[in-house]
Each structure stands twice: as structure tokens, then as C-alpha cells.
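This is a predicted model, so every value here is computed, not measured. Starting from 1, each residue takes its place in the sequence as its number.
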Amino acid sequence: MSGQDLNADTIVEFIADIFERRGAESYLGEPVTMSEHMLQGAWFAEQDGAPDELVAAALLHDIGHYTSEFGTYSPEDVEDKHHDEAGGEVLAPFFPPVIVECVRLHVAAKRYLCATDPSYFGKLSQASVHTLSLQGGPMSVDEVAEFRKNPFHEEAVRVRIWDESGKIANMKTRTFRDYVPLLQRVVRDFRDRA
């Protein structure tokens, strides 16, 4: 399916196809695959009683690793690949702003948490510490103030916390196909409100 064929009726199946074809790829040197990581994020969101839109955001937060024109991450990288922006761009025409912004801001949320929560940095995996350095490190005071102006910054922080938790080897979760009805509902509701 090409990008020209994407619409509200096809986007979820397009993403499902990506998960099925590329989900087994290694996730940043972590003990989980890309799909395991994102599915764990969604599972943690569900365990926290998050609404459907935040479960979807947690599930899709790293979709930009598959779609970024800069390629996938490698531990040898010396610059950021901007997967956050790439993911937000792919989702923006089809998903509500809260999901798009959570995807777009999940890297910024890591930088924000490292600047505002003294204990957060210690929770980062080695790969997250490395990518933090590529992504600009902890936010400055001005960057923190600017981040807080985004109406979805609190939701993005929640997604980031689930993101960081989703690195557990051999954890049982739902499959991507289990989330297809939720994603279709979120896309349909957004289309109907537009």
C-alpha cells in the first residue's frame, strides 16, 4: 500500500502491516523487539486505566522508527534520527491531536522529565541515556516552560513513562491485532468529528 492510498479506512491496516513485517526488528539494543516495546507501552497504559486515545498513543509512540526518512536507530549513531517527528507526521491526517502530539512529544517528554524529576534519569536504560545525549539532553529552564505550553504535555509525559517501562524481556501482552478495533474506533471518531 502506498502513501497515496492511505485514508481513514486504510491507515490502521497499513500500520498493522508495518508491525507484522518489521515488528521483530531489534529495539535500540534493548532486550525486546520494536513491536514488543510498543505493545508493552500500550499494556502499561491500559493497566493505568488510560483512555483509548492514550492507549493508542502508547502503542504507536515509536511508529516513526519505521517511517523516518533518516533510517532506524543504531547504538553507533552520532545524531538524532527524529523518529518522534516522523511518527507524528504519519499519524496527523488520521488520528486526533492528542495522539499525534504524544507521539511527536515523547522524546521531548524524556528531556522534560530528566530536567524536572531528579529520579527519572536513573530509570533510563543505557540506550535511552545514549539517545538523550543525541536529542539535546535534559531541557533548559526555557525549554521546560515552552514544553508546558503544549496543551497535551501532561499526556505526553504519561506516554513517556509507559514508553520507558516497556523494555521487559519475555513479557506477555496483547497482540497488535487485539488493538485494531480500538485504533479503528479512534480514527473513525476523529474523522466523524472533523
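Nearest heavy atoms, V159 versus A57: CG2-CB, 3.9 Å. When all heavy atoms of H61 and H106 are compared, the closest pair comes out as O-CE1, 3.0 Å. Considering every non-hydrogen atom in both A56 and I99, the closest pair reads CB-CD1, 3.8 Å. Listed here is the closest heavy atom pair of A156 and C102: N-SG, 3.6 Å.
Rounding to the nearest 0.5 Å gives a distance of 13.0 Å between NE2 of H37 and CH2 of W162. For the atom pair L60 CG and M38 CE, the distance stands at 7.5 Å (nearest 0.5 Å). Here the CZ-CZ distance, from F19 to F176, works out to 5.0 Å after rounding to the nearest 0.5 Å.
Residue pairs meeting the salt bridge (Lys or Arg N to Asp or Glu O under 4.0 Å) criterion with at least one member in residues 115-124: none, sequence neighbours excluded.
No more than 12 heavy atoms of other residues, nucleotides or ligands sit less than 6.0 Å from atom CD of Q126. By the neighbour-count criterion of 12 heavy atoms within 6.0 Å, atom CG of N170 is sparsely surrounded, having that number or fewer from other residues, nucleotides or ligands.
Partners of S165 under the side chain to side chain donor-acceptor pair (under 3.5 Å) rule, at least two apart in sequence or in another chain, do not exist in this structure. Residues forming a salt bridge (Lys or Arg N to Asp or Glu O under 4.0 Å) with E30 (at least two apart in sequence, or on another chain): K167.
Within the 4.5 Å cutoff, side-chain heavy atoms of S128 are placed close to those of E164. Side chains of R104 and E85 form a contact here, defined as non-hydrogen atoms less than 4.5 Å apart. M171 has its side chain within reach of T173: a pair of non-hydrogen atoms, C-beta onward, lies under 4.5 Å apart. Taking the side chain as every heavy atom from C-beta outward, E155 and E101 never approach each other to under 4.5 Å. Using a 4.5 Å heavy-atom threshold, the side chains of Q135 and K110 count as touching.
By the 4.0 Å N-to-carboxylate-O rule, R158 lies too far from E154 to be salt-bridged with it. A salt bridge links E46 and R174; the closest N-O separation between the charged side-chain nitrogens and carboxylate oxygens is under 4.0 Å. Using a 4.0 Å cut-off between charged nitrogen and carboxylate oxygen, R177 and E13 count as a salt-bridge pair.
Although no hydrogens or angles enter the test, the distance criterion places no donor-acceptor pair under 3.5 Å between the side chain of D48 and the main chain of A50. In this structure, E146 contributes its side chain and E143 its backbone to no donor-acceptor pair below 3.5 Å. Of the possible donor and acceptor atoms, one in the side chain of E36 sits under 3.5 Å from a partner among the backbone N and O of T33. A donor-acceptor pair is defined here as one N or O able to donate and one able to accept, closer than 3.5 Å; no such pair exists between the side chain of R160 and the backbone of A109.
A side-chain contact (heavy atoms from CB on, under 4.5 Å) with L59 is found for one member of L54, L39, I15 and no other, namely L39.
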Identify all side-chain donor-acceptor contacts of residues 90-97 below 3.5 Å with residues at least two apart in sequence or on another chain.
none

Listed pairs under 3.5 Å, donor-acceptor, residues 183-190 side chains, sequence neighbours left out:
{"from": "R185", "atom 1": "NE", "to": "D52", "atom 2": "OD2", "distance (Å)": "3.3"}
{"from": "R185", "atom 1": "NH2", "to": "D52", "atom 2": "OD2", "distance (Å)": "2.9"}

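If you chain together ILVMFWY residues whose side-chain heavy atoms come under 4.5 Å of each other, L105 ends up grouped with Y112, L113, Y120, F121, L124, V129, L132, M139, V144, F147, V157, I161.
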